[in-house]
Amino acid sequence: MNEKIKVGFIRKAHGLKGEVKILPLTDNPKRFKKIKKLFLEKSKDTNDSLVEYDVESVRVASDEVILKFKDVCDKDVADSLKGIFIYINREDAIALDEWEFYTQDLIGLSVYYNKENLGNVTDVLNTGANDNLEILVNKTSKHIYYPFVRTFIEEVNIEAGYLAVNQYEGFFD
């Protein structure tokens, strides 16, 4: 399990004093107001190496977060951060309620039905009504989308690396 949680994406600079607009990857952008430090990808191409930044201020504006880092003092530096994902330490994340999961923890899980390994979760997509798991099916090597709705999911075990689905016969054929 990754020790960092991806929480947002820097969309662009905001204003002239080094603020950035962040697209939050959370259902509650107000959570950003409690964050004291964030980790940014060293470059847009990889998250192998993360750089720590202290947060100076946070404002929530509808579906965006406007954030100021302590060491980012002008628009040019803020512009250089465009397109970079931001992370927090897992221990700084808010506690999840029952049946809540971090998307990144679901990606890579093996998917089982009746104790048969059907494939692996390759992505989680939000289609509005609910999240859908993108699953690469072993038998067909095709991607299918499966609703991530409690009614259709028997068990999720992040630590053991799998989830079990209740699906209709032929769904994965």
Side-chain angles (χ1 to χ4, degrees), residues 1-10 22-53 55 58 60 63-65 67 83-173:
M1 201 175 328
N2 196 330
E3 61 192 54
K4 302 276 191 263
I5 302 289
K6 189 184 292 186
V7 294
F9 177 80
I10 299 176
I22 294 174
L23 175 65
L25 300 178
T26 175
D27 57 352
N28 184 355
K30 291 179 182 173
R31 294 176 179 174
F32 276 84
K33 290 185 173 190
K34 296 180 180 179
I35 296 173
K36 301 295 180 214
K37 65 181 173 181
L38 290 167
F39 298 87
L40 278 65
E41 297 172 331
K42 205 168 195 173
S43 75
K44 295 174 185 134
D45 303 323
T46 177
N47 69 353
D48 292 338
S49 180
L50 299 174
V51 179
E52 184 177 325
Y53 282 79
V55 175
V58 175
V60 177
D63 62 342
E64 290 182 314
V65 173
L67 188 139
I84 292 179
F85 283 101
I86 58 175
Y87 301 78
I88 60 172
N89 283 320
R90 187 174 287 272
E91 64 264 14
D92 294 334
I94 64 165
L96 297 175
D97 289 333
E98 182 182 5
W99 202 248
E100 285 186 332
F101 304 93
Y102 293 112
T103 298
Q104 69 191 48
D105 291 342
L106 297 172
I107 295 172
L109 293 181
S110 297
V111 179
Y112 286 86
Y113 172 66
N114 287 340
K115 299 184 181 181
E116 177 188 353
N117 185 334
L118 300 172
N120 288 20
V121 177
T122 56
D123 203 355
V124 179
L125 307 169
N126 185 297
T127 58
N130 56 270
D131 290 334
N132 286 288
L133 302 173
E134 180 181 272
I135 300 169
L136 178 60
V137 180
N138 294 336
K139 287 182 184 176
T140 63
S141 295
K142 292 183 180 176
H143 288 110
I144 60 103
Y145 299 94
Y146 192 83
F148 190 64
V149 178
R150 196 167 192 170
T151 307
F152 301 120
I153 306 292
E154 208 171 279
E155 178 183 6
V156 177
N157 190 326
I158 303 294
E159 290 76 26
Y162 74 90
L163 63 85
V165 298
N166 296 323
Q167 58 99 6
Y168 300 103
E169 293 299 327
F171 190 88
F172 289 93
D173 294 337

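Values below: every heavy atom of this structure, side chains too, minus hydrogens, waters and symmetry copies.
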Shortest non-hydrogen contact between Asn117 and Gly119, atoms and distance: OD1-N, 3.0 Å
Without swapping roles, check the side chain of Thr122 against the backbone of Glu134 for a donor-acceptor pair under 3.5 Å. yes
Side chains of Val156 and Phe148 in contact at under 4.5 Å (non-hydrogen atoms): yes
Test of understanding: with ring pair (Phe, Tyr, Trp, His ring centres under 6.0 Å), list the residues that count as partners of Phe32, not counting sequence neighbours. none
Flag the pair Leu118 / Val165 as yes when at least one side-chain heavy-atom distance between them is below 4.5 Å, and no otherwise. yes
For residues Pro147 and Ile153, report the shortest heavy-atom separation together with the two atoms involved. O-CD1, 4.1 Å
Determine, stepwise, if the pair Lys36 / Asp92 fulfils side chain to side chain contact (heavy atoms under 4.5 Å, CB included). CA-CA 9 Å; Lys36 301 295 180 214; Asp92 294 334; over 6 Å; no
So, are Arg150 and Glu98 salt-bridged, with charged N and O less than 4.0 Å apart? yes
Test salt bridge (charged side-chain N to carboxylate O under 4.0 Å, His left out) applied to Glu100 - qualifying residues, sequence neighbours left out: none
Compare every heavy atom of Asn166 with every heavy atom of Thr151, then report the nearest pair and how far apart it is. O-ND2, 3.7 Å
For the residue pair Glu154 and Tyr113, confirm or rule out a side-chain donor-acceptor distance under 3.5 Å. no
Counting C-beta onward and ignoring hydrogens, is there a side-chain heavy-atom pair between Arg90 and Asp105 closer than 4.5 Å? yes
How close do Ile88 and Ala93 get, heavy atom to heavy atom, and via which atoms? CD1-CA, 3.7 Å
Val7 side chain reached by Leu25 side chain, heavy atoms, under 4.5 Å: no
Side chain Tyr102, main chain Leu96, donor-acceptor under 3.5 Å: no
What closest approach, in Å, do Gly83 and Phe9 show between heavy atoms, and which atom pair accounts for it? O-CE1, 3.3 Å
Would you name the heavy atoms of Val60 and Pro29 that are closest together and state the gap between them? CG2-O, 3.8 Å
